[in-house]
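Beneath this line is the structure, given in structure tokens, with notes to follow.
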Amino acid sequence: MTTPRPGSILLGTTRPAELREWYIKALAPEHQGEGPIDLGGFLLVIDGRDDVEVKNNEPGRMILNFHVDDFAAVEAQLKAAGVEWLAPAEDRTSGRFGTFTDPDGNYLQIIQFNQPHP
């Protein structure tokens, strides 16, 4: 049996242009053009929807994690982009974690694990 591999996520919002601009500035500053935003081979699709609230009222239900090799460099990029930190960088048993929010209130994390993960 084959295990499906996630390839993209659709992020619904009431303000797609603003959210798209934020994601490009914070996470993919070299991205150009329309369509999905390529986040290292994982695609982010931002879709304007009328069935969601302006702010995510339950942001802890799903956290988008980014595994990084150079935590300090990514943290500096995010700080330069002006992200709002929910939980600043913290060393844990399994690695270094930092949690931030997007303009809709969704949670995102950067993680540098102590042991390599596929």
Check for me, please, whether [X] and [Y] land in the same ILVMFWY cluster - side-chain distances under 4.5 Å, paths through other members count.
| X | Y | result |
| --- | --- | --- |
| Phe66 | Phe97 | no |
| Leu64 | Phe100 | yes |
| Leu43 | Met62 | no |
| Ile111 | Phe71 | no |
| Phe42 | Ile24 | yes |

Would you say that more than 12 heavy atoms from the other residues, nucleotides or ligands in this model lie under 6.0 Å from the [atom1] of [X], or not?
| X | atom1 | result |
| --- | --- | --- |
| Glu84 | CD | no |
| Arg61 | CZ | no |
| Lys55 | NZ | yes |
| Asp70 | CG | yes |

Would you mind reporting whether [Y] and [X] have side-chain heavy atoms less than 4.5 Å apart?
| X | Y | value |
| --- | --- | --- |
| Leu44 | Leu11 | yes |
| Trp22 | Arg15 | no |
| Gln112 | Val74 | no |

* Asked: What closest approach, in Å, do Glu18 and Pro103 show between heavy atoms, and which atom pair accounts for it?
  ->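 The answer is OE2-CB, 4.0 Å.
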
* Asked: If every non-hydrogen atom of Gly35 is compared with every non-hydrogen atom of Arg20, which pair is closest and at what distance?
  ->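 The pair with the smallest heavy-atom distance is O-NH1, 2.7 Å.
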
* Asked: Short question: side chain of Asp38, backbone of His31 - any donor-acceptor pair under 3.5 Å?
  ->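 No.
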
* To do: Give a yes or no answer on whether the side chain of Glu90 reaches the backbone of Gly98 with a donor-acceptor pair at less than 3.5 Å.
  => no

* Asked: Between atom CG of Asp104 and atom CD1 of Ile46, what is the distance when rounded to the nearest 0.5 Å?
  -> 9.0 Å

* Given Leu78, Ile37, Asp102, the one that forms side-chain contact (heavy atoms from CB on, under 4.5 Å) with Leu27 ->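 Only one option passes, and that is Leu78.
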
